[in-house]
Amino acid sequence: MTAPEGLAGVLGGPVLTVAPALLGARVTHAGVTVRLTEVEAYAAAGDPGSHAFRGRTARNGAMFGPAGRLYVYFTYGMHFCANVVTGADGEASAVLLRAGEVVAGGDTARRGRDHLRERDLARGPARLAVALGLDREHDGLDLLDGTLVLAQPPADPARVRTGPRVGVSGEGGDGSRFPWRFWLDGEPTVSPYRPAVRRRRG
DNA sequence: GCCAGGATGTTCT
DNA sequence: GAACATCCTGGCA
């Protein structure tokens with residue numbers, strides 16, 4: 001039995017503590033359950049990669065809400081990304097759900113993508129959101145209502161690995177990157193590190 | 001199997 | 001007007 005109070009207490013802690021705690025956690029939505037295998041931490045203070053770095057906007061409003069809520073945003077014109085809001089109310093920290101393993105409802109998670117393997121259904125932030133059926137309408141969704149369940153027992157810290165975030169440009173003016181990416185070593189659903197891709201301006 | 005490039009809409013300066 | 005926390009397809013080895 002997972003007490004919602006305990007979950008809220010964990011999510012209310014520092015984002016760098018919450019992120020590894022989410023590894024192995026299960027997210028159930030729209031009949032699909034995904035076990036998280038890769039996440040990224042995003043904070044507001046001193047984090048140029050965070051949407052909340054420049055303050056609150058109409059889009060990232062959910063980030064400033066209480067911990068345990070869902071923050072969904074639309075990016076690249078066709079992809080949704082799901083985040084778990086963490087930290088204290090108004091702290092504007094969140095954890096991006098980068099990848100996961102579909103453990104239940106794989107048939108539903110396919111959503112017409114039969115050519116994809118089941119392990120690839122939730123590989124990548126956008127695919128993860130698609131697999132769970134999350135879209136902008138679910139922005140601000142309360143995850144404490146059984147949608148998010150922490151791993152019991154928690155993931156072994158020895159399996160948790162950290163590294164630089166992916167796709168975040170301008171990693172700190174100080175030159176130091178933010179090794180705020182967490183993943184479970186040995187998980188096939190975690191894609192290897194991919195250096196930033198140079199996009200040509202159309 | 002790996003690498004490279006294009007597509008697509010919203011958001012912010 | 002430019003950038004974006006990405007994914008998919010095609011081409012080549």
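Reckoned from all heavy atoms, side chains included, excluding hydrogens, waters and symmetry mates. Please read these numbers as outputs of a predicted model, since none were measured by experiment.
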**Q** Check the distance between C:dC4's P and A:L96's CG and give it to me in whole angstrom.
**A**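 Result: 16 Å.
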
**Q** Atom CG of A:L97 to atom P of C:dA5: distance rounded to whole Å?
**A** 16 Å

**Q** How many Å lie between CG on A:N60 and C1' on B:dT13, as a whole number?
**A** 15 Å

**Q** Under 4.0 Å between a side-chain N or O of A:R54 and OP1 or OP2 of B:dC12?
**A** no

**Q** Rounded to whole angstroms, how far apart are CZ on A:F53 and P on B:dC12?
**A**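 Taking atom P of B:dC12 as the reference, CZ of A:F53 is at 15 Å.
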
**Q** If you assign A:T57 and A:G77 each to the DNA chain B nucleotide with the nearest heavy atom, which residue ends up on the more 5' nucleotide?
**A** A:G77

**Q** Can you measure A:Y73 atom OH to B:dT11 atom P for me and round it to whole angstrom units?
**A**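 So the two atoms are 13 Å apart, to the nearest Å.
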
**Q** Using a 5.5 Å cut-off between ring centres and planes within 30 degrees, is A:Y76 stacked on the base of C:dC4?
**A**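 Check passed, A:Y76 stacks on base of C:dC4.
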
**Q** State which residues pass side-chain contact (heavy atoms from CB on, under 4.5 Å) with A:T57; sequence neighbours excluded, sorted by chain then number.
**A** A:R59, A:N60

**Q** Distance alone, cut at 3.5 Å: any donor-acceptor contact between the side chains of A:T28 and A:T147?
**A**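 Side-chain D/A pair, A:T28 to A:T147: absent.
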
**Q** Got A:L97 and A:N83 here, is their nearest side-chain heavy-atom distance under 4.5 Å?
**A** no

**Q** Do NZ/NE/NH1/NH2 and the carboxylate oxygens of A:R181 and A:E38 come within less than 4.0 Å?
**A** yes

**Q** Return the nearest nucleotide to the side chain of A:M78; candidates are C:dT6, B:dA7, C:dA5.
**A**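 Closest nucleotide among those given: B:dA7.
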
**Q** Counting side-chain heavy atoms from C-beta on, which of B:dT10, C:dC7, C:dA5 comes nearest to A:A126?
**A** C:dC7

**Q** What is the distance, rounded to the nearest whole Å, between atom CZ of A:F80 and atom P of C:dC4?
**A**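 A:F80 atom CZ is separated from C:dC4 atom P by 20 Å.
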
**Q** Is it the case that the side chain of A:T37 and the backbone of A:T189 share a donor-acceptor pair, with hydrogens and angles ignored and the cut-off at 3.5 Å?
**A** no

**Q** Would you mind listing every ring-ring contact (aromatic ring centres under 6.0 Å, His included) that reaches into residues 52-74 of chain A, with sequence neighbours excluded?
**A**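 Those involving residues 52-74 of chain A are A:H51-A:Y73, A:Y71-A:Y73, A:F74-A:F80.
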
**Q** Measure OH/A:Y42 against P/C:dC4 and give the value in whole Å, please.
**A**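 These atoms are roughly 12 Å apart.
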
**Q** A:D120 has an atom CG; how far is it from atom P of B:dG1, in whole Å?
**A** 12 Å

**Q** DNA chain C: stems of at least 3 consecutive Watson-Crick or G-U pairs, cut-off 3.5 Å?
**A**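 Expected stems, ordered by start: B:1-7 with C:6-12, B:9-12 with C:1-4.
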
**Q** Which listed nucleotide (B:dT10, C:dA5, B:dC12) is nearest to the side chain of A:R59?
**A** B:dC12

**Q** Taking NZ, NE, NH1 and NH2 as the nitrogens, is one of them in A:D139 or A:R136 under 4.0 Å from a carboxylate oxygen of the other?
**A**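 Salt bridge between A:D139 and A:R136, a charged N being under 4.0 Å from a carboxylate O: no.
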
